[in-house]
Structure formats: structure tokens, C-alpha cells
Novice: 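First, the structure itself, so that you have it in front of you.
The model shown is predicted, which means the values in this text are computed figures rather than measured ones. In this chain, numbering begins with 1 at the start of the sequence shown. Read the numbers this way: they start at 1 and go in the same order the structure lists the ligands and their atoms.
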Amino acid sequence: MGVRVDSALAKDILDVVGIGFGPSNLALAIALTEHNQQGGALTARFLERKLEFGWHQGMLLEGATMQVSFLKDLATLRNPVSQFSFLSYLHTRNRLADFVNHKSFFPSRVEFHDYFRWCADQLSPLVDYGTEAVTARPVYEAGMVTHYEVTARCVVTGRITALLARNVVVAPGLSPELPAGITAGERIWHSSEFLDRVGGITDPRRLMVVGAGQSAAEIVDHLHRAFPSAEVYAVFARFGYSQADDSPFANRIFDPAAIDDFHAATEETKSALLAYHANTNYAVVDVDLIKDLYARTYEEKVRGVSRLRLLNMSRLKSARASGDGVEVTIRHENTARESLVEVDALVCATGYRETDPTTLLGEVEPLLWRDEQDRLRVERDYRVATGPEVLAGVYLCGGTEHSHGITSSLLSTSAVRAGDIVQSIVTRVETHAAPLRANAGTS
Ligand SMILES: Cc1cc2nc3c(=O)[nH]c(=O)nc-3n(C[C@H](O)[C@H](O)[C@H](O)COP(=O)(O)OP(=O)(O)OC[C@H]3O[C@@H](n4cnc5c(N)ncnc54)[C@H](O)[C@@H]3O)c2cc1C
């Protein structure tokens with residue numbers, strides 16, 4: 001365990017405040033817990049705006065599976081004997097043998113959500129649920145930024161509280177992205193809220209899904225099955241759904257070791273790598289689902305019923321609520337013609353964007369260094385680079401695709417990343433206590 005900074009406030013200053021308690025900071029909480037079990041004594045609290053743990057609950061569709069091996073759970077790649085592994089979870093749930101017989105590396109999303117929650121429940125004393133981080137400011141001691149004050153708001157009462165932390169780990173996840181000019185409403189939804197909304201639709205005639213990625217294809221599949229008398233329109237600019245590349249060599253881009261290569265690469269190589277391997281993650285679909293949807297369109301052709309309608313080479317131009325439905329204008333790119341379709345609901349499976357972590361960091365933001373393209377300069381250990389006078393750390397889980405590559409927002413490296421961050425914090429606590437003690441001695 002590292003040496004602690006000696007100040008009047010030190011007992012109230014946490015080593016870590018984590019913003020967000022999704023899988024990224026849950027993996028961090030596990031790594032911190034295991035560090036402390038080995039003799040460490042790092043203190044931490046996590047702020048989560050949701051009232052309880054939840055992972056993309058609007059998309060926990062029946063039958064949907066993980067796009068990552070169960071071995072890339074929250075701990076195993078960092079610590080294969082962790083009590084927080086997926087295997088440990090299965091053992092506790094008395095399903096280990098059943099899972100082995102299942103012969104699958106890819107559990108259902110519902111099961112992985114239950115695994116996440118099982119981990120989160122064990123760590124709940126570290127979490128303030130229903131608490132949203134809103135801003136932060138640096139606190140100076142002897143001319144150095146020794147810690148931050150993080151301001152949080154209770155989402156129920158609006159009460160404001162403040163936490164002091166030597167390190168802030170920002171993991172707010174991704175933010176849903178709607179197409180330009182489209183506003184969500186009663187009958188216009190982003191895919192992230194799909195299951196919360198679809199229950200309110202009864203006996204629809206026509207439904208539409210925009211997007212060509214995994215979520216879009218899953219929702220098309222779900223609607224087509226759930227509403228056997230509705231037409232389901234799938235709208236996307238591509239010619240056809242494209243297959244996700246999960247072949248073994250390409251898949252190595254998700255290995256922890258790939259982050260070393262990516263982080264050390266030139267900007268040119270980084271851009272090339274992101275472009276070469278975009279089809280492992282972006283706007284692609286599992287091949288089994290593609291085949292299943294294709295089989296259904298073929299079957300409908302045979303029967304002479306066309307319920308599953310693919311509008312390829314097409315874009316959503318506008319959508320307007322009208323009575324109990326939505327009037328959607330689609331532009332067909334190949335002919336430049338437009339058509340108006342009336343639907344009972346429009347689902348925009350149009351992806352997410354990185355959440356800008358600096359929106360939560362207030363007066364801390366000017367301390368954080370940026371690169372030539374004005375992006376945060378994130379070191380290999382996920383700490384945002386700062387001047388030497390800033391001893392307190394800001395670490396990012398997510399929002400680092402430009403520096404750490406395609407796994408930034410994914411689960412693949414979350415266990416190892418959590419370990420890297422804990423190691424970095426421990427090392428810096430040790431090295432930074434010395435100058436502070438020296439300053440205290442001369443004042
Ligand atoms: C439907 C779907 C399926 C996916 N499946 C996979 C998969 O199979 N494999 C894979 O690798 N990736 C998958 N992903 C990618 C996904 O990003 C990761 O699975 C994972 O959610 C990343 O975890 P996170 O903790 O970084 O972000 P999130 O899971 O988004 O968690 C962030 C948390 O921070 C909270 N928060 C945000 N701002 C604040 C604030 N100001 N104060 C307090 N709390 C805040 C949010 O409420 C949220 O709970 C999937 C994504 C989606 C949408």
C-alpha cells in the first residue's frame with residue numbers, strides 16, 4: 001500500500017471517485033476490492049445516476065447474445081481466479097455444469113446482465129445510486145493540485161453533495177444519437193429505450209427501424225416475430241446488412257496487448273487501424289442473424305406475403321408525429337426520389353456517440369492537456385496528461401478511441417484496464433507523497 005498524503009483533510013479524501021457505475025467502473029470496483037484483499041487500502045466511492053444497477057436494459061431482447069466471450073467478463077483476463085468471474089457467478093447460481101453443456105462462449109445478454117448485477121450487488125456499499133456527478137474543481141495544497149472536489153446531485157431530491165478525491169475515474173458510457181433533425185417522442189424512439197416503449201404498442205399495422213447495425217437488425221427481428229400481422233420496414237443506406245468480422249486474427253484487435261500497439265502508433269497508423277477494423281464493431285451484424293432475416297424474406301417471397309421490407313440505399317429524411325403514428329419521409333439514394341410512409345412507431349437504431357468527459361469536470365478541464373487535434377491527451381495508463389503541479393489524476397474509461405483504439409467503449413479490455421488504472425494510482429500515490437512531504441517540511 002502506498003504512503004498517504006498527510007493533511008488535515010486527508011482522512012476525508014478518497015483515493016478514487018468513479019463517475020458512472022456501468023461495467024467499466026464496476027470492473028474498477030472489483031480490481032480495487034481485490035487490491036485491498038491483497039493488503040492494499042485504497043478508498044473509493046462510485047456515483048451512478050440510475051436508481052439501481054442496469055446495463056442497456058432497453059435492449060435486453062429475448063434471444064440476444066453477447067458479442068464477447070464470457071471469458072472477457074469483469075475480472076478473468078486480469079485475474080483468472082477472481083471471485084467475481086462469470087464462472088464464479090455460474091457456480092453460485094448452480095448453473096456451471098449446465099453452462100458447460102450449452103457449449104457456447106456467448107451467453108445471452110439477459111444472463112450477462114444478471115452476472116453484472118450479481119457483481120454490483122456485492123459492491124453496493126461503494127456506490128451512491130440515484131446520484132449524478134455534475135461538476136468538479138481542483139483543490140490546491142502548497143501550490144499543487146492534490147485532489148479534486150466532485151459535486152453530485154441526488155436525482156430524487158436534488159440535494160447537492162461534494163466528495164473529495166485524489167483521482168476521478170470518468171466512465172459515463174455512450175450517449176444515444178438520433179439522426180439530424182429527428183426528435184424522440186411517444187412514437188419515435190432511440191433503440192436504447194426500445195423495450196421500455198414497445199410494450200405500449202398494440203396491434204400495429206406498420207413499424208419502421210432505421211439503421212444497419214446489430215441493434216437495428218435485432219429490433220427488426222424482434223418486431224417481425226412479436227407482431228405477426230405487422231409490416232416491418234428496415235431502412236438503411238447500405239446495400240445490405242454487412243457481417244461483423246469476428247475471425248480470430250481480426251479479433252486480436254480486442255486483446256489487451258493490442259492497446260500497447262495502438263497507443264504507441266503514429267496518428268496515421270491509428271486512423272488506418274480504426275478504418276481497417278471498423279467492421280469488427282460498427283454498422284455490422286452477426287452473420288447468423290443476417291442469415292435468419294434473409295431466410296425470412298425468402299420464405300415470404302415463396303408465400304407471396306411481404307411483411308419484412310428492406311429499404312436499402314435509403315435514408316430517413318424526416319419524421320413527424322401524426323395522430324397515433326408517425327409520417328416518415330424516406331429518400332431513396334439510388335433514384336433521388338422520396339416516399340412518405342405512415343408507421344405506428346419509428347425506431348432509430350442509429351448508434352451512440354462518446355460522452356465528452358469534460359462536461360462533468362468543470363474547472364478541472366483547463367488542467368487537462370490536449371493534442372494537436374484538440375482531443376484529450378490520454379496516457380497509456382488511461383490518465384489524462386497534466387502539468388507536474390497536478391498530482392491528482394483524471395482517468396478515462398471510455399472516450400479513448402483516439403488514443404487506445406476500438407475497445408474503448410467495449411467490454412473486451414475492461415478487466416485489464418481496471419487493473420492498469422489501479423496499478424497507476426498505487427504507483428502515483430507512492431511517488432507523489434514525497435514532494436508533498438518535502439513541501440510541508442519547508443513551509
Ligand atoms: C445493446 C448493446 C449491447 C452491447 N453489447 C456489447 C457486447 O456484447 N460486448 C461488448 O464488448 N460491448 C457491448 N456493448 C458496448 C457497451 O458500451 C459496453 O457493453 C458497456 O456498456 C460499457 O460500459 P461503461 O460502463 O463504459 O458504460 P455504460 O454501460 O453506458 O455505463 C455508464 C454508466 O454511467 C452512468 N452515468 C453517466 N453519466 C453519469 C453521471 N454524470 N453521473 C453518474 N452516473 C453517470 C450511466 O447511468 C451508466 O450506468 C453493447 C452496447 C449496447 C448498447
Side-chain angles (χ1 to χ4, degrees), residues 17-29 45-61 64-74 105-113 115-117 119-120 127-136 150-155 161 163 168-177 190-195 211 213-219 222 244 246 251 253-254 280-282 286 349-362 382 396-401 406-415 417-418:
V17 163
I19 298 180
F21 201 61
S24 294
N25 266 345
L26 178 50
L28 181 69
R45 282 216 77 70
F46 294 87
L47 307 174
E48 169 54 55
R49 68 153 72 104
K50 289 184 191 140
L51 297 176
E52 57 181 11
F53 180 84
W55 175 70
H56 302 304
Q57 284 167 296
M59 281 296 291
L60 292 182
L61 301 173
T65 57
M66 295 302 293
Q67 250 105 38
V68 72
S69 159
F70 72 87
L71 292 169
K72 291 183 173 176
D73 60 25
L74 297 172
F105 268 82
F106 304 100
S108 74
R109 217 178 278 153
V110 168
E111 185 173 31
F112 229 61
H113 183 265
Y115 156 67
F116 286 149
R117 191 150 47 193
C119 293
V127 192
D128 293 327
Y129 285 106
T131 307
E132 181 175 43
V134 283
T135 190
V150 178
T151 304
R153 179 174 48 217
C154 172
V155 300
T161 49
L163 294 173
V168 177
V169 183
V170 190
L174 300 168
S175 307
E177 180 111 299
H190 185 267
S191 55
S192 54
E193 50 177 354
F194 177 68
L195 285 179
Q214 181 70 23
S215 293
E218 284 177 4
I219 291 173
H222 180 92
D246 66 345
N251 217 48
I253 197 81
F254 299 114
T280 56
N281 186 47
Y282 291 113
D286 274 355
T350 40
Y352 297 79
R353 63 177 184 287
E354 286 185 338
T355 306
D356 178 358
T358 62
T359 57
L360 304 172
L361 293 174
Y382 302 93
L396 301 186
C397 290
T400 57
E401 193 167 272
I406 205 156
T407 52
S408 166
S409 65
L410 302 176
L411 300 170
S412 322
T413 54
S414 48
R417 176 176 61 195

Novice: With heavy atoms of L47 as the reference, note each atom of ligand 1 found under 4.0 Å away.
Specialist: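 Those of ligand 1 that fall under 4.0 Å from L47 are 43 (C), 44 (N).
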Novice: Considering both backbone and side-chain atoms of S215, is one of its nitrogen or oxygen atoms within less than 3.5 Å of a nitrogen or oxygen in ligand 1?
Specialist: no
Novice: Just to check, does T131 reach to within less than 4.0 Å of ligand 1 when the distance is taken from its heavy atoms?
Specialist: yes
Novice: With rounding to the nearest 0.5 angstrom, report the OH to CG distance, Y129 to L51.
Specialist: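 If I round to the nearest 0.5 Å, the distance is 10.5 Å.
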Novice: May I ask you to identify the nearest protein heavy atom to atom 44 (N) of ligand 1, giving residue, atom name and distance to one decimal place in Å?
Specialist: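 That would be R49 N, 3.1 Å.
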Novice: Going by the order shown, which atoms of ligand 1 are within less than 4.0 Å of some heavy atom of V68?
Specialist: 9 (N)
Novice: Provide, to 0.1 Å, the distance between atom 42 (N) of ligand 1 and the closest protein heavy atom, together with that atom's residue and name.
Specialist: A133 N, 2.9 Å
Novice: F70 and F105: ring-ring contact (aromatic ring centres under 6.0 Å, His included), yes or no, with the steps?
Specialist: CA-CA 6 Å; F70 72 87; F105 268 82; 5.7 Å; yes
Novice: Under the criterion side-chain hydrogen bond (donor to acceptor under 3.5 Å, both in side chains), which of Q57, H56, E218 is the partner of R109?
Specialist: E218
Novice: Atoms of ligand 1 less than 4.0 Å from K50 heavy atoms?
Specialist: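 Here the atoms of ligand 1 in question are 47 (O), 48 (C), 49 (O).
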Novice: Of all the heavy-atom pairs spanning G20 and N25, show the shortest one and how long it is.
Specialist: O-ND2, 2.9 Å
Novice: Any idea which atoms of ligand 1 are less than 4.0 Å away from a heavy-atom of G173?
Specialist: 27 (O), 28 (P), 30 (O), 32 (C)
Novice: Using a 4.0 Å heavy-atom cut-off, say whether M59 meets ligand 1 through its side chain, its backbone, both or neither.
Specialist: side chain
Novice: Give the ring-plane orientation class for W55 versus F116, where under 30° counts as parallel, over 60° as perpendicular and anything between as tilted.
Specialist: perpendicular
Novice: Over all heavy atoms of both residues, which pair between T400 and S408 is shortest? Give the atoms and the distance, please.
Specialist: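 That would be N-OG, 3.0 Å.
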Novice: Need the ligand 1 atom indices (1-based, order shown) with element for anything under 4.0 Å from a heavy-atom of Y352.
Specialist: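 Result: 53 (C).
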Novice: By number and element, which atoms of ligand 1 are closer than 4.0 Å to a non-hydrogen atom of S409?
Specialist: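 So the answer, numbered in order with elements, is 15 (C), 16 (C), 17 (O), 18 (C), 22 (C).
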Novice: What is the nearest protein non-hydrogen atom to atom 31 (O) of ligand 1, stated with its residue, atom name and distance?
Specialist: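 Here the closest protein heavy atom is G22 CA, 3.4 Å.
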Novice: What protein heavy atom sits nearest atom 12 (N) of ligand 1, and how far away is it?
Specialist: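 Minimum-distance protein heavy atom for atom 12 (N) of ligand 1 reads L410 CD2, 3.6 Å.
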Novice: Any heavy-atom pair between the side chains of R45 and L47 that's under 4.5 Å?
Specialist: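 They are not in contact (no side-chain heavy atoms under 4.5 Å apart), so the answer is no.
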Novice: Hey, does I19 have a side-chain heavy atom less than 4.5 Å from the side chain of V169?
Specialist: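 No; the side chains remain at least 4.5 Å from each other.
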Novice: Backbone or side chain, does any N or O of L411 fall under 3.5 Å from an N or O of ligand 1?
Specialist: yes
Novice: Hey, does L410 have a side-chain heavy atom less than 4.5 Å from the side chain of V68?
Specialist: no
Novice: Purely on distance, is any nitrogen or oxygen of H56 under 3.5 Å from one on ligand 1?
Specialist: yes
Novice: Can you tell me which residue and heavy atom of the protein come closest to atom 3 (C) of ligand 1, and the distance to 0.1 Å?
Specialist: R109 NE, 3.9 Å
Novice: Could you check whether any heavy atom of P23 sits closer than 4.0 Å to an atom of ligand 1, since that is the contact criterion I want to use?
Specialist: yes
Novice: Using the ring of each side chain (for Trp, its six-membered ring), is F194 parallel, tilted or perpendicular to H222, with breaks at 30° and 60°?
Specialist: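 Because their plane-to-plane angle is over 60°, the rings of F194 and H222 count as perpendicular.
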Novice: For atom 36 (N) of ligand 1, which protein heavy atom lies nearest, and how many Å away is it?
Specialist: G20 CA, 4.0 Å
Novice: Strictly by modelled atom types, are S24 and R417 linked by a side-chain donor-acceptor pair under 3.5 Å?
Specialist: yes
Novice: Any atoms of ligand 1 less than 4.0 Å from a non-hydrogen atom of P172? List them with their elements.
Specialist: 32 (C), 34 (O), 37 (C), 38 (N)
Novice: Just to be sure I'm reading this right: ignoring hydrogens, which of Y129, F116, W55 gets closest to atom 21 (O) of ligand 1? Compare them by their nearest heavy atoms.
Specialist: W55
Novice: Does any N/O atom on E48 come nearer than 3.5 Å to any N/O atom on ligand 1?
Specialist: yes
Novice: Please determine if Q67 has a nitrogen or oxygen closer than 3.5 Å to a nitrogen or oxygen of ligand 1.
Specialist: yes
Novice: When you compare the side chain of D73 with that of Y115, does any pair of heavy atoms fall below 4.5 Å?
Specialist: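 Yes. Closest side-chain heavy atoms under 4.5 Å.
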Novice: Closer than 4.0 Å to some heavy atom of M66 - which atoms of ligand 1 meet that?
Specialist: 7 (C), 8 (O)
Novice: Output the distance between atom OG1 (T65) and atom CD (E111), rounded to the nearest 0.5 Å.
Specialist: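 It is 11.5 Å, given to the nearest 0.5 Å.
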Novice: With a 4.0 Å heavy-atom cut-off (strictly under), which part of S24 contacts ligand 1: side chain, backbone, both or neither?
Specialist: both
Novice: Which pair of heavy atoms, one from L195 and one from L60, lies closest together, and at what distance?
Specialist: CD1-O, 3.4 Å
